[in-house]
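Letters go in sequence order (proteins before strands), and every chain restarts at 1. Atom set for the values below is all heavy atoms of this structure, side chains included, hydrogens, waters and symmetry mates excluded.
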Protein chains: 2
Amino acid sequence: MTQATRRERDRAATDREIRQQARALLVSDGPAAVTLRAIARELGITAPALYRYYSSREDLIEHLRADVCADLGADLGSGLADLDESDHVGQVLAVCRGFRRWALAHPQEFTLVFASPSPPGVYCPVSAQEQVRDSFGRIFLTVAGRVLANGLPITRPDHEVPDVLVADLTRFRDDLLLTITESGVDIGADQLGVGTAYVMLQFWVRLYGQVALEVFGQFPFPVTDSQPLFESMLADLVRDVGLD
Amino acid sequence: MTQATRRERDRAATDREIRQQARALLVSDGPAAVTLRAIARELGITAPALYRYYSSREDLIEHLRADVCADLGADLGSGLADLDESDHVGQVLAVCRGFRRWALAHPQEFTLVFASPSPPGVYCPVSAQEQVRDSFGRIFLTVAGRVLANGLPITRPDHEVPDVLVADLTRFRDDLLLTITESGVDIGADQLGVGTAYVMLQFWVRLYGQVALEVFGQFPFPVTDSQPLFESMLADLVRDVGLD
DNA sequence: GTGCTCTTGTGAACGCCGTTAACTACCCCG
DNA sequence: CGGGGTAGTTAACGGCGTTCACAAGAGCAC
């Protein structure tokens, strides 16, 4: 069955434990507490041993980011499972609400993944960076695919999209198409034009803005209960995009 | 003239140097490099001496945040000075563009001020936290005040605002009114209703979202040139808000 | 089974860091 | 001129990431 030798299994197990402990420290005490020595201490080993698994602390943190994203994706996916498959708008709402709930419940992880200055490295199509987000981005895209496949008019006339953006947005559109068809949803190019990609981008901007403001407490006034504020914004968002 | 004794002047001067050096380190090497020992080293003194000025590193960072905000406010204000006073839309655009430019030019400062998990402390009306943002928030509000005083219809029917938000938004509205009249602009309560406050909030959400996404490189696709993307979003924003 | 190699871990060490405590030089006021 | 408060020092503690030399042990060839 498992072709892995015992060495390999041991190694994988230790690796899991390391990331698990790192994650626990991140959640309980914030990113600054994710310390090689602390992790090692919890695992009953010494700090230098960790260098057999990661080349540096930064390297470990990078993998942690990926783990966090995967978990977020799984979280969103499971929230989706309970829903009626044909309720596309409901799925969109569920994903948005799930994203917010997760961000508020895991502010440290959110900060790590979504609010850390982008590494100087270039954004190349198949980079680790993109793989990272894909595990949760895929959920967004899958849901978007279902909605689009049903002909819901999430769109905007292509000619309204500024010329300078067309090239980038076309690439985004193609990427979307690929991801969506890969996830088993059939969709035609006529349902996913540049205008649609543009609207989806704006959707993301507003959702991200709202959630980040909430996590960072940067609203311009004291908010007694941010839940209805989010719901209100979400309703506007869904309406502005033509989903209702 | 200056009633300050020599001791006091010396102290203030050293304090300025400390913050200046801290700032330089922040800009050149990021927040992690803002180290008491590094600052002291640059200043030719020893680290413990800094404790005569700040009770801890975190305390210093806190003051640094305020400095950064003040500078941002000054930056935005100076950008406004060159403009025709009657060109209200132009002023709005200038502030938004200025905010973006500043954020991209100072990603570390942006992260420090706008994307650090909100301290557990409660958001109280006259806290240091609010004072911090005020130095730059005031610019936004002043410009908003000018626009509103001219009767431009940045608004939305009050009855469209969800009931649960009215209380918070009313407080925000009152705060806005106060700030705006303090800045010398005369404005009536009829021009600044709850609906207007709501729209301004949404404006901030979208602007912040766009800028943060840009700074953190979290767009869902590779962006070859983010400037036109921002301009496009800004145009939509201004249009959606009724300014044109 | 015996011996070799490669992997995984240890311990000591280096140079950073924040922070505290005891101590010193010096300015200012009476 | 002398005492008190202020701004600085040095020394030290514990924690950090990281490197290096070294030991224990698994896995494999024979």
> What string of B, S and - do you get for nucleotides 3-15 of chain D, 5' to 3', when a contact is any protein heavy atom under 4.0 Å?
Replying inline: --BSBBBBBB---
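Of the possible donor and acceptor atoms, none in the side chain of B/Arg206 sits under 3.5 Å from a partner among the backbone N and O of A/Gly209. Under a 3.5 Å cut-off, the side chain of B/Arg100 and the backbone N or O of B/Leu207 do not form any donor-acceptor pair. The main-chain N or O of A/Thr111 is found under 3.5 Å from a side-chain atom of A/Ser116 such that the two form a donor-acceptor pair. Using modelled atom types, one side-chain atom of A/Thr14 and one backbone atom of A/Asp10 make a donor-acceptor pair closer than 3.5 Å. Judged by distance alone, the side chain of A/Gln108 and the main-chain N or O of A/Ala32 form no donor-acceptor pair under 3.5 Å.
In this structure, a donor-acceptor pair under 3.5 Å is absent between the side chains of B/Asp59 and B/Tyr53.
Protein chain B touches strand DNA chain C; the 5'-most and 3'-most nucleotides with an atom under 4.0 angstrom of its non-hydrogen atoms are C/dC17 to C/dC28.
By the 4.0 Å N-to-carboxylate-O rule, B/Arg171 lies too far from B/Asp174 to be salt-bridged with it. Look at A/Arg65 and A/Glu62 and you find a salt bridge, because one of the NZ, NE, NH1 or NH2 atoms lies within 4.0 Å of a carboxylate O, short of that distance.
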> Can A/Phe221 and B/Trp204 be said to form a ring-ring contact (aromatic ring centres under 6.0 Å, His included), step by step?
Replying inline: CA-CA 12 Å; A/Phe221 58 95; B/Trp204 172 237; over 10 Å; no
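Rounding to whole angstrom units, OH of residue A/Tyr51 and C1' of D/dC20 are separated by 13 Å. Put simply, OH on A/Tyr54 is 17 Å from P on D/dT19, counting in whole angstrom units.
Contacts of residues 19-29 of chain B with DNA chain C (heavy atom under 4.0 Å): none.
Residues B/Phe114 and B/Phe99 bring their aromatic ring centres within 6.0 Å.
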